[in-house]
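This report concerns only the one structure given below.
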Amino acid sequence: MNLKKVLTYLAIAFVIFYLFTQPANAADAVKNLFGGIGTGAERLSAFFTSLVSG
């Protein structure tokens with residue numbers, strides 16, 4: 001087994017462990033992640049809108 005596979009399995013195991021031991025914190029983390037992605041998309045959209053409109 002190579003190192004990349006081992007690290008991937010460890011990361012997946014950690015996520016599953018975190019979901020089962022602290023589900024409220026895991027839900028907040030996911031909510032914050034998607035909120036950040038949404039905010040980034042809105043800002044990128046505003047940037048290109050202002051770039052195109054001059």
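Residues satisfying the side-chain contact (heavy atoms from CB on, under 4.5 Å) test with Leu44, not counting sequence neighbours, are Phe48. Residues passing the side-chain contact (heavy atoms from CB on, under 4.5 Å) test with Asn2, sequence neighbours excluded: Lys4, Lys5. In this view, Val6 and Met1, Leu10 satisfy the side-chain contact (heavy atoms from CB on, under 4.5 Å) rule, not counting sequence neighbours.
Atom CG of Leu3 sits about 4.5 Å away from atom CG of Leu7, to the nearest 0.5 Å. A distance of 13.0 Å separates CZ in Phe34 from OG1 in Thr39, rounded to the nearest 0.5 Å. Here the straight-line distance linking atom CG of Asp28 with atom CD of Gln22 works out to 10.5 Å at 0.5 Å rounding.
Linking Ile, Leu, Val, Met, Phe, Trp and Tyr residues whenever their side-chain heavy atoms come within less than 4.5 Å places Val30 and Ile37 in a single cluster.
Counting non-hydrogen atoms of neighbouring residues, nucleotides and ligands closer than 6.0 angstrom, the OH atom of Tyr9 reaches no more than 12 such neighbours.
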